[in-house]
Amino acid sequence: MKKIMMIMAGLLLMLTGCRQESDNVMSYAFNDAMAFQKADTSFVGEFEVFWNGMNTNYALWDYELENGLDWDNVYQKYYPKFAELDEKDTVTDEELGNLLNEIVKPLHDGHVVIKLMNHSTGNYVTASPSHLRVGDEREEEYTATKNFLPSLKYYQDKGKILEMRSASTNVIGQLIGIWVAYIKEQITGLKLKTDRTQDEEERLNAFQSAYNDLYQIVKTDNLDAYNPFAIRYEWLHIPYLEPIDLNLYEHPVDITYALLEGNIAYLSFNHFRLSAYLDADICKEFFGQPTGLTKVAVESVQNTWNSWFSAIQELKKAGNLGGVIIDVRSNGGGMLNDYQYVLGALLPSGGHHMADARFKRGLGRFDYSPIMPQTMPTMEAEHETVTEPIVVLCNCNSVSMAEMTSMGAKVLENGTLIGTRTWGGFSALSSNENYSNNYAGYVGIQNVTPVFCYIPQEVTFSILDGKIVEGHGVEPDIEVSMDFDAWNKGNGSDSQLDRALQFIRTGN
């Protein structure tokens with residue numbers, strides 16, 4: 001009898017293991033035919049993958065429930081609407097996009113992005129709850145800061161900067177003007193010659209082709225075409241035209257250091273990608289042994305950061321450091337490892353406990369880890385600890401690592417956050433390589449599977465009040481709005497930077 005029961009149990013396992021769908025254990029982490037088969041041709045199939053994938057992977061369901069979102073009710077409400085799409089001959093991208101936006105808009109996670117294939121058009125529609133939320137709640141600032149880049153030109157013109165250095169990895173952008181001017185000059189000179197040799201005729205045709213090709217590269221932003229372009233026209237000896245490592249464009253950085261009056265060391269950068277340039281191992285992974293223009297770009301970033309760090313160290317040792325300003329306004333975030341090169345470069349070695357975190361740790365909707373300290377890396381090499389005022393500047397387009405840095409400033413005794421409330425997207429991201437460990441990661445493969453969900457693995461809690469900051473952002477210690485009217489006209493100072501300077505110099 002016991003043997004019969006074991007055989008029956010084995011058969012049961014085989015039968016259940018062959019189910020085409022499973023709401024509980026199906027993994028959508030990879031391009032698995034069983035997981036995505038129905039979604040390949042059906043909007044209902046897409047909805048089920050999206051709903052089940054979020055149900056399994058999302059790390060914020062208890063918080064969403066507290067805020068009135070019941071994921072089971074979402075299924076009951078929207079399943080019929082996706083079924084209606086399957087009955088239609090044609091579904092527009094706008095129609096599918098509006099329906100998807102309606103579902104995701106209440107979600108609070110600041111990183112989540114959902115992409116569904118429109119079977120009617122072959123296009124993907126994209127929904128981001130955080131863009132919808134911030135765009136609605138703070139439309140004016142959201143629009144004004146989206147393309148905002150901090151600039152010190154006003155302070156340069158007024159003679160308020162003691163020294164300054166900046167760098168950009170946008171090598172092509174910096175050299176286009178030189179290339180265009182040189183090519184035009186060569187074309188003009190060759191055209192003026194009425195007795196061109198065959199070689200000169202070939203050069204004229206080549207320069208004209210080079211101009212047209214360069215124009216297309218710039219117009220279409222087709223950076224993959226740049227290196228073949230540089231190799232093709234190498235024989236023309238156009239100044240500085242040579243192949244570069246396109247990682248410079250996949251991981252771009254614009255960085256500025258300035259020493260302002262009162263020995264206040266200022267640093268701004270547009271992405272947390274400094275580790276790709278400052279960490280020897282990561283730099284080698286990205287660029288190998290950089291040469292030519294790539295080497296120039298990498299070293300320019302290194303030299304700019306070193307100027308900022310060295311100035312702080314020297315002034316601190318001499319007792320002349322006035323304070324430090326770290327500007328992460330309109331910074332979209334990036335590498336966690338960068339913390340040690342920014343705020344962590346001013347703090348003691350051993351890490352900085354700046355928040356707490358809870359991780360997704362199971363297939364169940366509410367399978368979460370305990371809340372644990374979130375410690376960010378600080379510089380391990382010997383360095384001076386800054387006890388002078390540290391100000392971080394932020395705005396509503398300060399996201400992810402920019403918010404971690406903003407939170408880090410708030411919990412420091414000598415740290416102050418100035419500006420406007422940040423974006424509200426703290427959660428760390430996880431690749432699917434560790435899916436079985438975290439039970440969190442992406443759903444599908446972007447632009448390959450009919451459904452793709454970009455889902456973080458954890459939730460951040462403030463150590464100041466224990467609250468979840470996801471979907472809300474970090475409140476500044478001193479709230480200051482940017483005077484964009486004066487700024488955009490080019491005749492006004494930076495009102496937020498001015499307030500930071502005032503605070504450091506006066507203490508209030």
Side-chain angles (χ1 to χ4, degrees), residues 162-165 255-269 272 274-275 277-280 282 301-328 331 334-357 373-394 398 401-419 460 462-464 474 476-478 497 500-508:
L162 305 179
E163 63 181 40
M164 183 173 172
R165 187 165 196 156
I255 181 172
T256 296
Y257 149 69
L259 188 63
L260 295 154
E261 286 182 327
N263 288 335
I264 300 171
Y266 170 93
L267 181 72
S268 70
F269 51 102
F272 277 82
L274 299 178
S275 294
Y277 301 88
L278 303 178
D279 184 296
I282 298 177
V301 172
Q302 294 172 347
N303 292 337
T304 301
W305 181 86
N306 282 327
S307 296
W308 172 75
F309 180 70
S310 297
I312 291 172
Q313 294 298 297
E314 292 169 8
L315 290 167
K316 175 64 179 175
K317 290 176 182 177
N320 295 324
L321 180 63
V324 179
I325 296 174
I326 298 172
D327 193 341
V328 296
N331 186 312
M335 298 179 176
L336 182 147
N337 192 62
D338 274 16
Y339 201 86
Q340 64 183 303
Y341 298 114
V342 186
L343 193 59
L346 314 178
L347 307 179
S349 301
H352 182 211
H353 177 202
M354 42 69 62
D356 291 330
Q374 188 167 27
T375 301
M376 303 295 282
T378 55
M379 183 170 289
E380 290 300 322
E382 185 176 347
H383 64 283
E384 297 289 322
T385 297
V386 173
T387 54
E388 289 76 11
I390 298 171
V391 171
V392 171
L393 290 174
C394 62
S398 298
M401 272 300 295
E403 296 184 90
M404 292 293 189
T405 306
S406 298
M407 179 70 78
K410 282 184 70 75
V411 302
L412 290 175
E413 288 186 11
N414 60 324
T416 304
L417 185 64
I418 294 179
T460 301
S462 168
I463 59 175
L464 298 175
V474 185
D477 298 308
I478 301 175
L497 177 56
L501 293 169
Q502 175 191 328
F503 178 82
I504 289 176
R505 289 166 179 159
T506 67
N508 55 54

Exercise for the section: Given side chain to side chain contact (heavy atoms under 4.5 Å, CB included), test Ile312 with Glu384 step by step and report yes or no. Expected result: CA-CA 8 Å; Ile312 291 172; Glu384 297 289 322; over 6 Å; no
Could you tell me if the side chain of [Y] sits less than 4.5 Å from the side chain of [X], heavy atoms only?
X	Y	value
Ile326	Leu346	yes
Ile478	Val391	no
Gln302	Leu278	yes
Ile255	Tyr277	no
Met404	Thr460	yes
Leu497	Asp327	no

Problem - Which residues share a ring pair (Phe, Tyr, Trp, His ring centres under 6.0 Å) with Phe309, sequence neighbours left out - result: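 Residues passing ring pair (Phe, Tyr, Trp, His ring centres under 6.0 Å) with Phe309: Trp305.
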[Y] backbone acceptor or donor facing [X] side chain under 3.5 Å:
X	Y	result
Thr375	His352	no
Asn263	Asn320	yes
Arg505	Glu261	yes
Asp477	Leu417	yes
Asn414	Glu388	yes

Locate the shortest heavy-atom distance separating [X] from [Y]; write the atom from each residue and the value.
X	Y	result
Ala409	Leu343	N-CD2, 3.7 Å
Gly419	Pro476	O-CG, 3.4 Å
Pro377	Leu336	CD-CD2, 3.7 Å
Thr378	Gly350	OG1-N, 3.3 Å
Lys410	Leu464	CE-CD1, 3.9 Å
Pro389	Gly322	CD-O, 3.7 Å

With sequence neighbours left out, what residues match [X] under side chain to side chain donor-acceptor pair (under 3.5 Å)?
X	result
Thr387	Lys316
Tyr257	Glu163
Asp356	His353
His383	none

Handout entry: Those residues that, when tested against Asp338, pass salt bridge (charged side-chain N to carboxylate O under 4.0 Å, His left out) (two or more places apart)
Key =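 Checked Asp338 against salt bridge (charged side-chain N to carboxylate O under 4.0 Å, His left out); zero matches.
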Problem - Stepwise side chain to side chain contact (heavy atoms under 4.5 Å, CB included) check, Thr256 with Met164 - result: CA-CA 8 Å; Thr256 296; Met164 183 173 172; 3.8 Å; yes
Practice task
Take Ile264 and Ile325, measure what side chain to side chain contact (heavy atoms under 4.5 Å, CB included) needs, and give me the verdict at the end.
Solution key: CA-CA 7 Å; Ile264 300 171; Ile325 296 174; 3.8 Å; yes
Measuring from atom [atom1] of [X] to atom [atom2] of [Y], what distance do you get when rounded to the nearest 0.5 angstrom?
X	Y	atom1	atom2	answer
Ser398	Glu403	OG	CD	7.0 Å
Ile504	Leu260	CD1	CG	9.0 Å
Gln374	Met407	CD	CE	9.5 Å
Leu412	Ile390	CG	CD1	5.5 Å
Tyr341	Asn306	OH	CG	10.5 Å
Leu501	Tyr266	CG	OH	10.0 Å

Practice task
Tell me, with the steps shown, if Phe269 and Val342 meet side chain to side chain contact (heavy atoms under 4.5 Å, CB included).
Solution key: CA-CA 10 Å; Phe269 51 102; Val342 186; 3.6 Å; yes
